[in-house]
Amino acid sequence: MSKRLVEVRDVSVVFHKKAMFKKTRTVEAVKSVSFGIDTGETLGLVGESGSGKSTTGRAVLKLVPVASGDITVAGQNLTDLNGRALRRARRRMQMVFQDPYSSLDPSATVAASISEPLMVHDHVSARAARTRALELIELVGLRASHADRYPYEFSGGQRQRIAIARAIALNPDFIVCDEAVSALDVSTQNQVINLLERLRTEFDLAYLFIAHDLAIVRHISHRVAVMYLGRIVESGPAERVYNEPAHPYTQALLSAIPNPSPHRRSERRIVLAGEVPDPARPPSGCPFRTRCAFAMDICAERMPEHTAIDGGGEVACHLQTSGPELSGAPLGDLTAAAIRPA
Amino acid sequence: MTQNQGLHSTEPPIMTAGTMPRPKKPEEPAVRRRRAGRFGQLARRFAGNKPALAGGVLLFVILVVTMGAPLFAPYTPEQINIADRLSGPTPAHWLGTDALGRDTLSRLLFGGQVSLAASALSVAIATLIGLPLGILAGYVGRGPDWLLNRASDILMTFPALVLTIAIIAVVGPGLTTAMISLGIVYSARLFRVIRSATLVVRQEVYIEASISIGTPGRTILLRRILPNVLPPLLIQISFLLASALLAEVTISLLGLGALPPTASWGSMLGQAFAEIRGTPSLAVFPGIAIALATLSFNLVGDGLRDSFGRATRKAEG
Amino acid sequence: MTGTEPSGSLLSIEDLRIDFVTDRGWVNVLNGVSFDIGKNEIVVLVGESGSGKTVTSLSVLGLVPRAHSRKTSGHIWYDGKDLTELPIGELRDIRGNEISMIFQEPMTSLNPAFTVGDQIAEAYRRHRGGKKKAALARAAEMLDLVGIPNAAARLRDYPHEFSGGMRQRAMIAMALICEPRLLIADEPTTALDVTVQAQIVELLIRLRDETGCGILFITHDLGVVAELADKVVVMYAGEVVETSVARDLYIQPKHPYTEGLLAAMPQQGVRGEELPTIPGRTPEPWSMPSGCRFGPRCSHAVEECGKAVIPLSVVDNGRSCRCCRSGDLALGGVR
Amino acid sequence: MLRLLGARLLTMVPLLLVVSFLIYGLIALVPGGPETALAGSNPTPEKLAMVREQLGLNEPFLVQYWNWFSAAVQGDLGKSFVNGQSVWSAIAGGFPVTLSLVILTLLIAAVLGLGLGLAAALRPGSWIDRTATVIASLFMSLPYFWVGMMLVLVFAIDLRVLPAIGYVPFAQSPTDWFLHLITPAFALAIVPVAVVARQTRAAVTGVMTEDYVRTAEAKGLRPVRLVGKHVLKNAAVPVVTAFGVEANRLIGATVVMEQLFALPGVGKLTYFSVFSRDFPMVQGILLITAILIMFVNLAVDLSYGYFNPKIKAT
């Protein structure tokens with residue numbers, strides 16, 4: 001336990017959008033993001049659309065070109081790996097995708113999909129791959145009789161189980177789950193979450209769990225990182241981030257979680273004005289300042305540094321460092337007075 | 001249908017006029033269906049589609065009678081019989097004779113061989129060029145894609161028929177040259193279809209999944225992309241066969257393709273036009289033969305398109 | 001709180017049964033759906049995929065395609081008229097005028113070929129007539145009302161120039177431009193980010209307070225609507241299984257399916273423990289179980305549940321429930 | 001819009017250069033060289049050399065091309081091998097005939113194809129839809145020149161209500177112009193009618209299932225406005241594309257049709273030039289055809305921007 005498995009340092013991803021007769025647009029989708037994940041640990045990565053969370057997940061697996069920074073998985077530095085060496089390294093890390101309807105090849109049977117990693121990496125015989133595929137099918141809670149069927153015969157939840165079986169086929173150390181349950185119905189969603197949790201403890205897996213649904217992330221993550229416009233604005237142990245959010249954006253996100261309890265109706269909700277800015281034209285300084293109720297002059301000038309905070313983790317917010325009259329004051333005391341409902 | 005829904009959609013797609021509520025497939029289908037697979041399912045849907053089935057049967061019959069022409073034809077196609085020239089349908093000559101007294105039925109059967117083989121030749125050439133290049137351009141993108149696209153742009157600046165005729169002007173008449181050049185012209189059309197289908201497939205998450213597994217590019221091309229661009233390819237091939245047949249007929253009709261005394265449906269029509277006042281039946285029967293063959297290709301193409309379903313139609317662009 | 005006397009109700013759905021034609025012939029998708037919406041009331045219709053909630057909402061305005069569906073019984077009463085029997089011309093006069101609707105996908109629900117202003121103004125001109133210029137001015141007011149800055153200039157934008165949240169605001173502006181008495185919102189926040197979702201919910205509550213229209217809000221997520229709903233209608237497999245005043249439903253559900261849905265909300269889970277699930281999945285319309293449709297998945301099921309058809313019966317205080325054990329079960333609500 | 005037009009015209013320039021180069025290059029492939037076409041049936045080496053000299057074929061290929069291309073840009077496409085006539089004036093002489101035929105054909109295709117497709121799309125599954133589908137399938141499969149022959153057989157030979165062959169200029173007698181063209185135009189139109197009808201049906205039924213059509217329905221719009229405004233503009237892109245493709249194909253088909261109906265247009269000229277190996281004429285025709293088709297494609301592309309503002313933006 002608690003051996004560092006994944007180390008991501010200052011990773012940036014830049015996309016170039018070409019258009020005829022127009023300037024090439026450069027979008028820095030991920031900006032010097034750093035985090036680590038221990039063996040057997042789940043890191044929840046949350047953010048809204050356009051926050052760069054999915055791109056970060058792909059960058060860790062080098063599925064998108066990484067502009068700068070270092071990625072180490074299980075002691076192997078992926079940064080400069082390419083071609084065959086990269087393909088080989090991929091056996092230790094896998095991915096489960098968001099849309100269960102398109103992540104399986106419609107022309108391949110379930111068994112064929114699940115055996116793909118076995119055939120590619122272990123060069124096992126077709127028969128051995130099939131035997132293993134059948135085991136995996138039962139491990140994720142489907143029946144062996146499902147092996148020769150095609151994806152269209154399955155529901156979303158079942159397809160996601162098949163995708164998970166494919167991901168764990170090679171006993172990887174690390175799986176990126178990119179919105180793995182967000183396309184599913186509430187009751188099915190929980191079945192898949194429980195499966196993921198069971199597999200994690202059974203095989204000592206580490207997850208990077210990417211989601212926009214904060215309630216789910218809270219349930220399964222040991223630590224949480226919050227992204228906004230390509231940057232991690234706050235990270236730390238799940239309990240600390242959820243109970244004492246330090247960044248105004250985290251606070252707003254948390255207060256936007258739909259609250260099912262009618263007892264707590266009176267609780268103040270922070271409704272953020274506006275929407276996430278265009279990632280191609282991010283605001284100067286702190287990316288959140290355009291929607292932040294506490295924005296100060298300095299926020300437009302400088303990107304705040306990541307600072308360690310009590311209770312664990314880091315936050316990138318001027319309020320925590322150089323907020324003149326706020327220095328040292330815990331943010332929680334301010335919220336009630338300062339936040340106006342929209 | 002389901003993949004068209006938004007990320008968070010949990011409700012079946014909404015119906016407006018024209019759509020049908022498509023039920024999701026049941027969890028436990030009939031036991032015997034298990035091994036049927038995607039192409040088995042396709043075959044079942046195709047057979048359930050009456051026009052498509054009729055087209056398939058018609059095509060089969062046409063192929064059998066033309067390829068078996070030596071067995072079925074009452075005369076040889078070049079047998080001249082001046083005494084019986086330009087006869088209408090008679091018991092001896094069911095479909096009549098031409099200006100040299102040659103039997104129209106026999107010439108139709110043998111001519112069909114020539115015409116169909118010629119169209120198959122040009123479509124085969126188009127496939128051999130268009131399929132690999134289309135997949136290459138769609139999968140690799142960047143430079144090769146740009147270059148191949150410009151090349152197909154250039155080929156598409158000319159009507160297929162005009163370009164083929166121009167090539168004939170240079171290298172001289174003859175069916176084989178004509179069909180080879182036609183095949184090259186058609187390869188541009190096929191290239192476009194395959195390229196856009198590949199682009200669609202390449203965007204699919206299951207390709208990214210294969211990459212993330214560490215599957216080599218070659219395996220991805222063969223096992224993931226190729227099977228999934230087959231549907232639009234098959235559809236396009238059946239339509240191209242219809243076009244190629246028509247082009248063969250046109251070129252031979254103009255006297256630039258099949259040369260006398262070889263019978264082809266086109267050359268027969270060309271000769272018939274001169275006699276249309278006296279012996280209209282000479283023009284009628286080849287026309288019907290061409291129409292039936294074209295119809296069968298089109299019906300099969302439509303049937304495939306319907307059987308492969310909506311997703312494919314999108315890929316065709 | 002709201003009383004839902006039939007006399008005071010704005011819209012009343014009564015025993016609605018609808019069949020769809022599929023590859024397998026006619027299948028039943030709505031089976032005896034009944035509930036009322038009162039004036040100025042927000043009714044939330046909750047259900048998972050295949051529950052029939054969207055079909056219910058579409059059938060109010062007759063937007064279920066007639067060629068592929070048939071009504072086998074039931075009425076939708078509005079203003080003394082049965083909307084299901086109303087001639088299509090009269091129904092069109094009600095659509096977008098007295099009753100209007102917004103949809104789940106703001107990205108695809110606006111026509112990409114016309115400007116936003118044109119599409120908002122179009123609803124107004126259809127029902128109120130007048131010059132295009134006047135209608136556009138009115139559309140600008142509406143955009144302003146739903147919180148789009150610089151409204152007059154943005155009228156000339158095409159939908160693709162709007163973000164998701166703004167498009168949903170534009171849809172709301174379009175729906176409200178004729179001051180309807182009822183707004184039907186079919187999963188209006190599902191496709192949006194959490195912070196934008198919160199904005200839209202706040203906006204709907206504000207607009208209800210300002211304009212006094214009733215709202216039928218369709219969703220699959222009980223969490224989204226806890227603070228919005230006056231009344232909740234829970235649907236499962238084409239049937240209403242429970243109706244209740246919102247607060248009571250959350251505190252003490254009467255139907256085991258409602259209990260399951262509430263427990264399955266991840267907010268309700270205890271860290272480190274397995275999340276509660278409802279085993280199995282919603283039955284397909286052509287393979288409905290006999291008796292209680294939730295029976296095969298229900299942990300409280302007894303032999304009786306598989307036999308007779310269970311009616312929707314009044315349990316107490318205006319609540320109704322479709323469960324033969326509603327009297328003897330004590331189910332848990334939210335914590 | 002103007003900027004876009006200018007930009008698109010600019011991209012046509014390199015394409016035109018390459019295309020013209022290929023067209024001129026074609027004659028380099030002639031077995032024995034193009035001079036064989038002009039030197040008679042049994043040419044002596046001296047005669048061949050003389051012809052080469054006359055045609056400037058002794059110059060380096062690139063120089064030859066440049067001479068041809070720069071003259072072509074100034075409107076001089078050379079002279080016919082066969083009768084010494086200016087290529088430009090020969091093409092210009094046949095152009096009105098071919099243009100008349102193509103435009104009449106496209107008109108028929110538009111009226112019948114759109115009508116049929118729309119009628120089918122608005123009542124999917126009805127008898128109108130089924131009839132239209134059958135008609136489209138049949139029309140797709142009929143060889144157009146054969147249909148032309150059959151029409152001549154019925155209307156000109158048996159019924160004697162239409163002239164069989166020949167052409168009368170519009171300026172001379174509009175009625176005769178029309179009567180002479182209607183048969184070939186109708187025969188040419190059958191495939192475009194089928195294609196346009198199918199595209200229209202597919203596009204309209206596709207658009208009818210879009211969310212925004214349901215939105216418009218929920219607004220209370222009546223069918224005429226719903227279809228006339230919201231559906232048609234969105235369905236137009238594939239239909240216009242089909243028109244573009246068919247226009248391209250039609251230009252090829254006129255070669256046969258003008259031959260069959262003895263219409264003195266560019267198609268007949270093409271056929272005659274190919275048969276008599278009149279290379280300057282073939283080159284000129286190819287060049288003009290390529291330019292025409294580039295403009296048709298440009299018009300189609302520009303129309304996308306109108307029908308779908310999102311395309312314009314990207």
Side-chain angles (χ1 to χ4, degrees), chain A residues 49 58 61-64 83-84 86-109 112-113 116-121 145-156 158 163 166-167 169-170 176 178-179 182-186 188-189 212-213, chain B residues 1-12 22-31 33-42 141-142 146 200-201 203-220 222-231 308-309 311-312 315:
Chain A
S49 51
R58 283 170 164 77
L61 298 186
K62 289 210 58 182
L63 287 170
V64 289
R84 182 184 292 251
L86 178 61
R87 282 209 309 274
R88 255 198 228 120
R90 286 199 164 130
R91 69 167 301 151
R92 313 206 55 180
M93 46 196 203
Q94 294 288 319
M95 184 151 178
V96 176
F97 295 87
Q98 167 172 13
D99 183 356
Y101 289 92
S102 59
S103 64
L104 297 170
D105 182 349
S107 67
T109 61
S113 283
E116 182 175 346
L118 299 166
M119 311 275 267
V120 165
H121 288 285
S145 62
H146 288 136
D148 296 313
R149 295 206 192 152
Y150 287 83
Y152 72 88
E153 299 177 66
F154 295 91
S155 68
Q158 289 174 315
R166 175 173 63 184
L170 294 165
V176 175
D178 183 12
E179 301 265 13
S182 60
L184 307 175
D185 262 339
V186 200
T188 327
Q189 183 169 298
H212 67 275
D213 186 334
Chain B
M1 295 229 64
T2 343
Q3 59 265 44
N4 296 344
Q5 296 179 26
L7 308 184
H8 315 284
S9 159
T10 56
E11 193 73 345
R22 287 250 196 115
K24 281 198 212 123
K25 293 293 178 220
E27 192 173 351
E28 302 289 343
V31 185
R33 277 179 47 190
R34 281 209 283 132
R35 275 273 173 191
R38 206 163 67 117
F39 282 87
Q41 217 216 352
L42 166 76
R142 292 189 291 262
W146 187 89
V200 170
V201 175
Q203 307 274 310
E204 294 285 351
V205 182
Y206 58 79
I207 299 297
E208 199 184 1
S210 278
I211 296 172
S212 77
I213 284 168
T215 308
R218 178 171 27 93
T219 317
I220 293 178
L222 285 177
R223 294 277 177 76
R224 295 282 169 260
I225 299 213
L226 191 61
N228 287 297
V229 300
L230 276 185
F308 281 123
T312 317

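Numbers restart at 1 for each chain; the letters A, B, ... are given by sequence-line order, proteins then strands.
In terms of heavy atoms, A/A112 sits closest to B/R224 at O-NH2, 4.4 Å. A/V120 and B/G214 make their closest contact through CG1-O, 3.4 Å (heavy atoms, listed as atom of the first residue, atom of the second, distance). Here the closest heavy-atom approach between residue B/E208 and residue A/L63 is recorded as OE2-CD1, 3.9 Å.
With a 4.5 Å cut-off on non-hydrogen atoms, B/S212 touches chain A through its backbone and its side chain both. The part of A/L104 that comes within reach of chain B is its backbone (N, CA, C, O), which places non-hydrogen atoms under 4.5 angstrom from that chain. Using a 4.5 Å cut-off between heavy atoms, A/M93 contacts chain B through its backbone alone, with no side-chain atom that close. Heavy-atom distances place the side chain of A/R58, and not its backbone, under 4.5 Å from chain B.
Side-chain contact between A/R90 and B/I211 is present, with heavy atoms from C-beta onward closer than 4.5 Å. Side chains of A/P106 and B/Y206 form a contact here, defined as non-hydrogen atoms less than 4.5 Å apart.
In terms of non-hydrogen atom pairs under 4.5 Å with chain B, the most contact-rich of A/R88, A/R91, A/H121, A/M119 is A/H121. Among A/K62, A/E116, A/R84, A/M95, the residue making the largest number of heavy-atom pairs under 4.5 Å with chain B is A/E116.
In this structure, CG in A/L170 is found 8.0 Å from CD1 in B/I213, a value given to the nearest 0.5 Å. In this structure, A/S102 OG and B/Q203 CD are separated by 11.0 Å, a value rounded to the nearest 0.5 Å. Taking CG of A/D105 as the reference point, atom CZ of B/R223 lies at 11.0 Å (rounded to 0.5 Å).
Surrounding CZ of A/R87 are more than 12 heavy atoms belonging to other residues, nucleotides or ligands, all under 6.0 Å away.
Under the 3.5 Å distance criterion, the side-chain polar atoms of A/R166 are left unmatched by any main-chain donor or acceptor of B/A209.
With sequence neighbours excluded, no residue forms a side-chain hydrogen bond (donor to acceptor under 3.5 Å, both in side chains) with A/Q94.
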